[in-house]
Amino acid sequence: FIVRPNLDEDAVDRTITAVEEFIKGQGGTIDSTDKKGRKRLAYEVEKMRDGYYVVITFKAKPESISPLQRMMTLSEDVIRSLIVVPEPAAIGQA
């Protein structure tokens, strides 16, 4: 997901923690959290040219994905999000 660029480091960390806690609250487990840092967006989103990129690798039940998408859509601090299911072969390599 991509966090608003106008937030300070503490607010970004709070947003990441909120997403992680939501995943755990839905019965999921966090494998890793990778803060990619502030980067330029490919196109303008809500009049913003930059964003703070975060990749969370997690395991969760399929029925918990829809509430997670809704939570990130409604969050004021998350400007874009994408949930990807890896190929079964890639899971064994990770």
Side-chain angles (χ1 to χ4, degrees):
F1 57 97
I2 305 172
V3 179
R4 293 184 170 283
N6 55 356
L7 297 178
D8 63 5
E9 195 69 31
D10 290 338
V12 171
D13 288 339
R14 282 194 302 273
T15 302
I16 293 169
T17 302
V19 173
E20 289 175 339
E21 292 302 318
F22 189 86
I23 292 169
K24 290 176 188 174
Q26 294 290 316
T29 58
I30 305 294
D31 292 337
S32 67
T33 300
D34 188 10
K35 299 177 189 177
K36 298 290 186 180
R38 189 179 173 133
K39 297 185 180 192
R40 193 139 190 80
L41 300 174
Y43 55 90
E44 213 172 273
V45 177
E46 298 175 20
K47 298 184 180 175
M48 288 178 254
R49 303 294 272 145
D50 299 324
Y52 195 93
Y53 284 66
V54 180
V55 177
I56 297 178
T57 306
F58 65 96
K59 292 182 179 116
K61 297 175 187 167
E63 57 270 11
S64 65
I65 300 301
S66 182
L68 177 60
Q69 284 178 325
R70 179 166 172 71
M71 179 272 232
M72 291 211 277
T73 301
L74 294 176
S75 173
E76 292 285 323
D77 297 330
V78 176
I79 57 176
R80 282 286 186 268
S81 65
L82 178 67
I83 298 175
V84 179
V85 178
E87 293 291 325
I91 293 172
Q93 296 172 358

- Message: Are the side chains of E9 and Y52 in contact, using a 4.5 Å heavy-atom criterion?
- Response: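 Side chain of Y52 against side chain of E9, heavy atoms only: contact under 4.5 Å found.
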
Which atoms form the tightest heavy-atom contact between [X] and [Y], and what is the distance?
X: V19; Y: M71; result: CA-CE, 3.6 Å
X: T29; Y: I23; result: N-CG2, 4.5 Å
X: M72; Y: V78; result: O-CB, 3.7 Å
X: S81; Y: F1; result: CB-CB, 3.8 Å

- Stepwise side chain to side chain contact (heavy atoms under 4.5 Å, CB included) test for R80 and V45: CA-CA 8 Å; R80 282 286 186 268; V45 177; 3.7 Å; yes

- Message: Is it the case that atom CD in E76 sees more than 12 heavy atoms from other parts of the structure closer than 6.0 Å?
- Response: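 No, because the 6.0 Å sphere around CD of E76 holds 12 heavy atoms or fewer from other groups.
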
- Task: Check whether more than 12 heavy atoms from other residues, nucleotides or ligands sit under 6.0 Å from atom NZ of K24, and answer yes or no.
- Result: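 Correct, the count exceeds 12.
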
Under 3.5 Å, is there a donor-acceptor pair between the side chain of [X] and the main chain of [Y]?
X: T17; Y: D13; answer: yes
X: R38; Y: D50; answer: no
X: R4; Y: I79; answer: no

- What's the verdict on side chain to side chain contact (heavy atoms under 4.5 Å, CB included) for F58 and D31, showing C-alpha distance, side-chain angles and the deciding distance? CA-CA 5 Å; F58 65 96; D31 292 337; 5.8 Å; no

Are [Y] and [X] connected into the same hydrophobic cluster when the rule is that any two of I, L, V, M, F, W, Y join if their side-chain heavy atoms are below 4.5 Å apart?
X: I56; Y: I65; result: yes
X: V3; Y: F22; result: yes
X: I2; Y: M48; result: yes

From [X] [atom1] over to [Y] [atom2], what is the distance, rounded to the nearest 0.5 angstrom?
X: L7; Y: D77; atom1: CG; atom2: CG; answer: 4.5 Å
X: I16; Y: T33; atom1: CD1; atom2: OG1; answer: 7.5 Å
X: K59; Y: S64; atom1: NZ; atom2: OG; answer: 13.5 Å

- Message: Checking one residue: L82. Which other hydrophobic residues are in its cluster under the side-chain 4.5 Å linking rule?
- Response: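 ILVMFWY cluster around L82 also holds V84.
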
